[in-house]
Amino acid sequence: MADLKKFLVRRLITFIPTLIGATFLVFLVAVVVPADPARLWAGGEKADPRVVELLRKEYHLDEPIWVQYYYFMVNLITNRMVSPVTHENVWSTILERLPVTLQLALFSFTLVVAVGVPLGIIAALKRDTIVDYLIRAFAAIGMSMPIFWFAYILIFVFYTNLGWTTLAGNPTPAKTITGLPILDAILLGDWRTVCQIVERFWLPSLVLAWPSIGFVARLVRNSFLDAMSADFVEYIIARGLPKTTLYKHVLRNALVPVVTVLGLIFGGLLAGAPITETIFALPGIGMLMIQSIQNYDYLTLIGGVFFIGLIYLTINLVVDILYAIIDPRIRY
Amino acid sequence: METLRDKVYEKNILDRLADMLVDGIASVIEKFRPGWRARNEAKLDEYRLMLYTLNRSPPGLIGLMLIIGFVFTAVFGPLIAPLSYDTPLVFCNYEKAYLAAPGTTIVVPQDCNSCSTVEECLELGIPPGKYTLVFGADDYGRDLYSRLLYGARTSFIVTVLTMAVGPLIGILLGLVAGYYGGIVDEIIMRITDIFLAFPGLILAIAFSAVLPYRISDILQENVVLRDFLLWLFAVKPEHAPSLAYLVSVVIALWIVWWPGYARLVRGAVLSAREATFVEAARALGVPVRRILFKHILPQPTVSGPLIAYLTTDMGTVILVEAGLSFLGVGAVPPLADWGRMIYDGARYFPNAWWLVFYPGLAIFLTTLGFYLFGDTLRDILDPKTRRRIRFKVKRGVAV
């Protein structure tokens with residue numbers, strides 16, 4: 001266990017510099033590259049020079065880059081950063097958008113686990129049969145399908161023809177308890193809102209989850225087969241133990257790598273939804289970032305990237321720690 | 001390995017083709033370097049076995065065919081396209097060409113409302129002829145089939161340029177980090193972690209959104225580079241300003257594409273470093289560069305997963321590039337780009353379904369090809385799975 005403790009301490013120590021480095025990287029991208037953000041914010045070529053000057057002062061654009069970075073981070077964390085384009089607090093805007101993104105990610109993650117893992121296990125158990133081939137083909141097709149294309153086909157089938165979903169609005173229950181609409185609605189017993197939320201979110205979630213379902217199915221299949229080739233399997237068979245015991249042991253071994261990947265997938269779902277959110281007009285963080293690019297609103301863009309980076313890094317950290325705990329064989 | 005060359009094993013027609021291919025290449029090399037063949041007979045057998053494995057994997061063959069089709073389209077597509085990517089047939093006949101359904105036929109200049117003679121039509125940029133719009137046309141009356149062919153070129157060049165540099169950075173850093181270890185490893189892997197801390201798509205969006213400002217300046221100054229890129233992307237000179245967006249995507253992808261490779265290669269090098277032959281090489285005083293590139297990198301445990309990953313990643317680059325264009329960063333109209341075509345066509349969906357369906361199908365099939373082939377390559381390049389294939393024994397012949 002000494003190794004584990006040492007590993008945890010080391011992992012925590014490296015977490016903070018990584019986070020700072022990551023924010024600095026994005027900060028550099030967004031501020032250095034465009035020619036003159038203050039002029040853009042003030043209204044382009046014909047901007048009033050006094051306004052430009054004022055904006056430069058306010059956002060410390062005339063100071064060295066590390067000073068800008070310092071002010072940027074301090075203002076962002078203390079929620080004093082105001083976007084020059086929308087005149088709203090950057091951090092509040094992001095937090096406002098979080099429930100939609102979180103809800104979408106949760107729905108998608110449920111789909112990935114509920115569909116991907118069983119499919120992988122079935123494929124492994126029926127190895128080299130038609131079932132296995134079909135599941136593998138499904139996985140390959142899912143991973144190589146452009147989701148924005150797939151989304152339009154699904155919209156055509158389920159919205160235009162069948163009318164099983166809605167494409168506008170963001171249903172929320174009357175009262176806020178946790179901030180997450182679906183959870184609030186269930187807690188309030190407001191089943192109509194629950195139905196509305198499910199109706200609105202099932203299709204985008206499916207689209208977002210689609211590539212990951214195939215990926216997880218393939219991963220579960222391969223790691224299950226890897227576990228099946230271990231020596232203990234032969235021992236269990238030789239002992240004549242029932243198949244259920246065998247599968248219990250195999251599954252426990254097979255799921256170790258899967259758990260790590262599932263953690264990363266959740267991070268990816270939470271972060272990587274700009275395409276899905278744009279198509280389905282869901283006002284989440286991904287859509288916010290696309291909008292801020294279009295509006296030259298770099299501060300919101302960096303804020304969003306910072307927020308996603310924070311979540312992603314935290315999930316990475318948790319997954320690493322979990323991995324070290326579930327698999328005692330791992331030594332660092 | 002003797003058995004492979006024996007006649008008792010049944011080989012199908014593809015196996016015989018594979019034999020011919022390997023023998024042909026070997027005899028060409030033999031011409032330039034006499035004695036090469038005798039020295040490398042074992043290697044050649046291994047290559048034959050790889051091809052036999054491929055022949056026994058239908059997904060791999062399908063993938064290979066899709067890839068060949070894609071590369072062929074990308075290279076020759078712009079040459080065989082009946083119309084240019086920006087020929088606006090609506091100027092010729094609005095009623096017929098505007099969102100023309102697949103299969104519509106337009107004859108220039110007979111069907112033309114705005115030009116009656118050949119010269120007038122040419123002036124409008126519409127060469128006379130009979131055009132069957134196999135896949136329909138978009139809101140400018142641009143032939144979707146031609147645009148798909150040009151789009152293959154865009155996609156292919158972006159992918160090749162991306163994969164030529166991004167992974168290289170990652171491989172070099174991974175080799176150095178894995179071989180030296182210690183503080184070098186720590187620094188490189190921390191930087192890698194910083195890049196991995198972001199979902200690639202988000203970072204690529206951010207970079208592609210801000211880079212065009214700089215790139216267009218560079219392209220304006222550097223005429224030779226610009227002309228070369230125009231030729232590479234098969235873009236008309238008047239659309240040169242749009243190149244900056246494509247180049248930005250490539251550079252954005254370079255920036256986000258290396259960390260995965262750094263991690264993969266580092267991991268493989270870490271285990272290869274401890275091998276006795278590496279220790280021996282070091283003891284003999286072989287320079288580090290040589291150890292890395294001649295002893296460690298060609299190891300099946302290092303190069304096998306790497307090549308498979310590279311192939312699969314080609315598909316991912318195509319998918320991500322299309323995704324970026326779909327989000328509005330990346331290729332701009334009138335350039336033909338599959339992702340952008342879906343974005344522009346989505347406005348007319350589902351009435352003009354072909355504008356969304358066909359470009360998506362093109363992206364899908366191309367990516368699928370790389371995924372299937374990459375997956376099979378992993379099995380082929382792994383000496384263990386390669387040896388697992390069983391040959392049928394020819395009937396009536398004792399072994």
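Within every chain, numbering begins at 1; the chains are lettered A, B, ... in the order of the sequence lines, protein sequences first and strands thereafter. Everything quoted here is computed from the prediction, not taken from an experiment.
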Item to check | Neighbours of chain B found in residues 278-286 of chain A - heavy atoms under 4.5 Å | outcome: A:Thr278, A:Ile279

Checklist outcome for this item: Most contact-rich option vs chain A, by heavy-atom pairs under 4.5 angstrom, among B:Leu368, B:Ile255, B:Thr312, B:Val329, is B:Leu368

Checklist entry - B:Leu372 versus chain A, heavy atoms under 4.5 Å apart: side chain, backbone, both or neither? => result side chain

Item to check | Whether over 12 other heavy atoms sit under 6.0 Å from B:Ile183 CD1 | outcome: no

Item to check | Contacting region of B:Ile318 [heavy-atom separation from chain A under 4.5 Å] | outcome: neither

Next on the checklist: As an exercise, state the distance from CD1 of A:Ile147 to CG of B:Leu319, rounded to the nearest 0.5 Å.
Outcome noted: 8.5 Å

Next on the checklist: Looking at chain A, which one of B:Gly339, B:Gly315, B:Ala322 has the largest number of heavy-atom pairs inside 4.5 Å, strictly under?
Outcome noted: B:Ala322

Next on the checklist: Does any backbone or side-chain atom of B:Asp217 lie under 4.5 Å from a heavy atom of chain A? Answer side chain, backbone, both or neither.
Outcome noted: neither

Item to check | Heavy-atom proximity to chain A below 4.5 Å, by part of B:Phe357 | outcome: both

Next on the checklist: Using the rule given for side-chain contact (heavy atoms from CB on, under 4.5 Å), can you reason through B:Ile363 versus A:Met145, listing the C-alpha separation, both sets of side-chain angles and the distance that settles it, and then say yes or no?
Outcome noted: CA-CA 8 Å; B:Ile363 301 170; A:Met145 207 176 252; over 6 Å; no

Checklist entry - Is the count of non-hydrogen atoms from other residues, nucleotides or ligands lying under 6.0 Å from A:Tyr159 atom OH greater than 12? => result no

Next on the checklist: Would you say that B:Phe364 contacts A:Trp149 through its side chain, given a criterion of any heavy-atom pair below 4.5 Å between the two side chains?
Outcome noted: yes

Item to check | More than 12 heavy atoms from other groups under 6.0 Å of OH on B:Tyr245 | outcome: no

Item to check | For chain B, the option from A:Pro146, A:Gly21, A:Ser292, A:Gly304 that forms the most heavy-atom pairs under 4.5 Å | outcome: A:Pro146

Checklist outcome for this item: Residues of residues 136-144 of chain A with a heavy atom under 4.5 Å from any heavy atom of chain B, in residue-number order, are A:Ala140, A:Ile141, A:Met143, A:Ser144

